[in-house]
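Below is one structure, written out as structure tokens; the observations come after it.
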Amino acid sequence: MISFESDYIQGAAQEVLDALVKTNMEALSGYGADEYTESAVAKIKKACKKDDAQVWFLTGGTQTNAFVISTLLQRYQGVVAAETGHIATHEGGAIEFTGHKVLTLPAHLGKIEAAELEDYLAVFFADGNHSHMVEPGMCYISEPTEYGTIYSKKELEDISNICHKYNMPLYADGARLGYALAATSADFTLEDMAKYCDVFYIGGTKVGALCGEALVYTHNNMPHHFVTLVKQSGALLAKGRLNSIQFDTLFTNELYMNISRHAIKMADRMEKIFREKGYEFFIESPTNQKFVILENSKKAALEKEVKFSFWEKYDDNHTVVRFATSWATLESDLDKLEKLL
């Protein structure tokens with residue numbers, strides 16, 4: 001059985017594991033007050049080319065999204081997102097559980113458009129009854145999107161400008177950020193993410209770490225009493241080293257980008273295999289997620305040999321499924337898939 005079920009099905013890059021084992025018996029201060037956290041923060045600031053960035057390490061994507069959104073919003077505010085956005089579809093109500101409504105906009109290949117965001121905000125604040133409504137207090141995007149598509153540098157800039165016009169932060173979910181940065185069609189950099197987003201995170205769980213996300217506040221906008229807020233939300237690790245050692249390793253010798261590029265190389269080959277076999281795609285994705293339309297009988301037969309994810313029903317006879325590559329995908333996995341197809 002080969003698996004393309006997701007990009008977090010393997011453990012961690014060998015370099016990350018080696019670093020954890022090597023440092024295992026070191027006695028380090030807790031809660032992020034250790035030398036590896038300091039080193040990882042410095043490396044991420046350098047990669048973002050932003051010396052005044054504020055960096056903190058959390059453990060998982062849902063935890064990070066819920067924490068950021070709940071601590072940046074006022075009690076009466078909600079977060080604007082694409083109707084297909086992760087927080088609106090696959091977050092299990094985690095955002096609403098914090099007391100904040102997800103306010104959805106139409107999705108275009110998984111993305112929101114700056115013009116529609118501006119129209120939405122203009123109409124809201126022009127409504128004489130808006131004090132009786134949930135106020136849009138921040139904007140959420142993910143890079144890449146839930147459908148593996150990516151925002152261009154211009155799109156990031158345009159959305160950022162609208163957010164700042166209305167004095168609301170732009171937050172980017174970067175669970176798979178490495179794969180977006182490594183996509184051959186990407187025209188933005190980590191520096192651009194730091195420039196246009198008020199907050200974003202660099203995903204580790206899906207990009208070579210056992211667990212962990214690096215949260216980056218870019219405009220000296222980390223909430224006051226930050227550590228207390230982290231602790232109140234159950235996200236403060238006594239062994240802060242767990243996440244920081246991993247990111248210190250991922251941001252050494254460009255490991256993060258190198259393993260991300262490997263995933264894109266594997267995804268590009270996978271796409272070629274499907275196309276040569278005559279399969280159709282539900283959406284064009286330049287990153288590590290490929291959305292394929294399978295005839296139901298073919299899907300049932302393939303499931304006996306390959307793991308992949310259900311995405312949505314296409315019609316009575318076809319299903320959209322997702323195949324994902326990762327930092328750990330092997331050429332031999334793709335060889336087997338090619339034979340099975």
Side-chain angles (χ1 to χ4, degrees), residues 11-61 63-68 71-72 169 171-175 177-178 181 189-195 197-260 327:
Q14 190 61 50
E15 295 90 337
V16 171
L17 285 179
D18 290 345
L20 288 168
V21 171
K22 181 180 178 180
T23 60
N24 187 53
M25 292 305 295
E26 292 184 24
L28 301 173
S29 297
Y31 307 108
D34 64 90
E35 62 195 72
Y36 295 103
T37 298
E38 182 179 355
S39 176
V41 168
K43 289 175 182 178
I44 289 172
K45 286 182 178 183
K46 183 178 180 180
C48 293
K49 296 182 180 179
K50 197 161 185 62
D51 292 338
D52 61 346
Q54 297 164 295
V55 182
W56 189 268
F57 301 101
L58 295 174
T59 304
Q63 179 190 77
T64 304
N65 285 336
F67 174 79
V68 171
T71 54
L72 285 185
Y171 167 53
D173 177 334
L177 183 56
L181 290 165
T189 64
L190 201 56
E191 183 180 359
D192 293 321
M193 294 296 293
K195 179 179 180 180
C197 300
D198 298 281
V199 193
F200 71 98
Y201 77 88
I202 302 168
T205 302
K206 295 180 172 70
V207 194
L210 281 174
C211 59
E213 326 297 336
L215 181 58
V216 183
Y217 292 84
T218 63
H219 299 128
N220 196 34
N221 54 333
M222 181 179 275
H224 296 300
H225 306 290
F226 184 82
V227 174
T228 306
L229 293 173
V230 175
K231 191 157 193 169
Q232 286 182 347
S233 51
L236 185 63
L237 282 180
K239 296 181 181 179
R241 63 195 286 165
L242 174 63
N243 290 328
S244 59
I245 288 171
Q246 295 184 80
F247 273 94
D248 189 51
T249 305
L250 287 170
F251 277 79
T252 297
N253 298 326
E254 289 203 11
L255 177 61
Y256 188 76
M257 287 307 305
N258 287 336
I259 62 176
S260 295
W327 58 272

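The first residue of the sequence shown is numbered 1, and numbering continues consecutively from there.
Remark: the backbone N or O of Val216 is not paired with any side-chain donor or acceptor of Gln54 at under 3.5 angstrom. With Asn24 contributing its side chain and Lys22 its backbone, the two residues share no donor-acceptor pair below 3.5 Å. A donor-acceptor distance shorter than 3.5 angstrom exists from the side chain of Thr218 to the backbone of Cys197, with no hydrogens or angles considered. Without hydrogens or angle criteria, Glu213 side chain to Tyr201 main chain gives no donor-acceptor distance under 3.5 Å. Side-chain atoms of Thr37 never come within 3.5 Å of backbone atoms of Ala33 as a donor-acceptor pair (strictly under, hydrogens ignored). Gln246 places a side-chain N or O within donor-acceptor distance of the main-chain N or O of Leu242, the cut-off being under 3.5 Å. Side-chain atoms of Asn243 do not come within 3.5 Å of backbone N or O of Ala214 as any donor-acceptor pair. Listed for the Thr23 side chain is no donor-acceptor partner under 3.5 Å among the backbone atoms of Glu26. A donor-acceptor distance shorter than 3.5 angstrom exists from the side chain of Asp173 to the backbone of Ala175, with no hydrogens or angles considered. No side-chain donor-acceptor contact under 3.5 Å links Tyr31 to the backbone of Leu237.
Between Phe57 and Phe247, the ring centre distance stays below 6.0 Å.
To the nearest 0.5 Å, atom CG of residue Leu215 and atom CD1 of residue Ile44 are 10.0 Å apart. Within the model, atoms CD of Gln63 and SG of Cys211 stand 9.5 Å from one another, a figure rounded to the nearest 0.5 Å. Interatomic distance, Ile202 CD1 to Leu181 CG, rounded to the nearest 0.5 Å: 8.5 Å. One distance of note links CG of Leu255 with CG of Leu250; it measures 5.5 Å at 0.5 Å rounding. To the nearest 0.5 Å, the span separating NZ on Lys206 from CG on Leu177 amounts to 12.5 Å. With rounding to the nearest 0.5 angstrom, the CG atom of Leu236 is 9.5 Å from the CZ atom of Phe67.
Among residue pairs with one or both ends in residues 48-61, those qualifying as salt bridge (charged side-chain N to carboxylate O under 4.0 Å, His left out) are Lys49-Glu191, Lys50-Asp52; sequence neighbours excluded. Pairs engaging residues 247-258 under the salt bridge (charged side-chain N to carboxylate O under 4.0 Å, His left out) rule: Lys43-Asp248, Glu254-Arg261 [sequence neighbours left out].
A 6.0 Å sphere centred on CD of Glu38 holds no more than 12 heavy atoms belonging to other residues, nucleotides or ligands. The number of heavy atoms from other shown groups lying within 6.0 Å of NZ (Lys45) is above 12.
In this structure, Phe226 and Tyr217 have perpendicular ring planes: the angle between them is above 60°, well past the 30° mark.
Nearest heavy atom pair, residue Ser244 against residue Asp34, reads OG-OD1, 3.7 Å.
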